[in-house]
Amino acid sequence: MKSLIGIIVIVWLVIGAAAAWQRGYFGDDQDVNCKTAGDTSLTIVAGPLNYLGANPKVDCNVEVPQPSE
C-alpha cells in the first residue's frame, strides 16, 4: 500500500512539473524571486488540478506582523 501511495505522489508531482514547464516557468529569462518561485512550486504541487482549471498564484506583498517593542 505504501508503494502505491508513493507512486501516486510521484506521478502527481511529475504532472505538476509538466504543467509548470508548459507555462514557461523553467525558462532562463525568468527572474528568481518570491513570486516566480512560489508560482512554480504551487503549480507543481497542484499537479493534475492544473489541467482542470487551477492556476495557483502567490502574492508576496503580504504585510507580516512586526513584534511589539
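Worth saying up front: this structure is predicted, and the values here are computed from it rather than measured. Heavy atoms only: backbone and side chains are in, while hydrogens, waters and symmetry mates are out.
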J.: Looking only at heavy atoms, what is the nearest atom pair of V45 and L13, with distance?
T.: CA-CD2, 4.3 Å

J.: Would you name the heavy atoms of I15 and G47 that are closest together and state the gap between them?
T.: CG2-C, 4.0 Å

J.: So if you build clusters from Ile, Leu, Val, Met, Phe, Trp, Tyr with side-chain heavy-atom gaps below 4.5 Å, do Y51 and I44 land together?
T.: no

J.: For V14, what residues pass the side-chain contact (heavy atoms from CB on, under 4.5 Å) criterion, not counting sequence neighbours?
T.: I10

J.: Taking only residues at least two apart or on different chains, which pairs with a member in residues 38-69 satisfy disulfide (SG to SG under 2.5 Å)?
T.: C34-C60

J.: Decide whether W21 and L49 are clustered together by the hydrophobic rule: side chain heavy atoms of Ile, Leu, Val, Met, Phe, Trp, Tyr closer than 4.5 Å, transitively.
T.: yes

J.: Which residue pairs pass the salt bridge (Lys or Arg N to Asp or Glu O under 4.0 Å) test when at least one of the two sits in residues 33-49, sequence neighbours left out?
T.: K35-D39

J.: Side-chain contact test, heavy atoms from C-beta onward, threshold under 4.5 Å: evaluate it for W12 versus I7 and give yes or no.
T.: no

J.: Side-chain contact, heavy-atom cut-off 4.5 Å: T43 with Y25?
T.: yes

J.: Would you check if the side chain of N50 reaches a backbone N or O of N55 as a donor-acceptor pair within less than 3.5 Å?
T.: no

J.: Mind listing the closest non-hydrogen atom pair of F26 and A20 along with its distance?
T.: CE1-CB, 3.8 Å

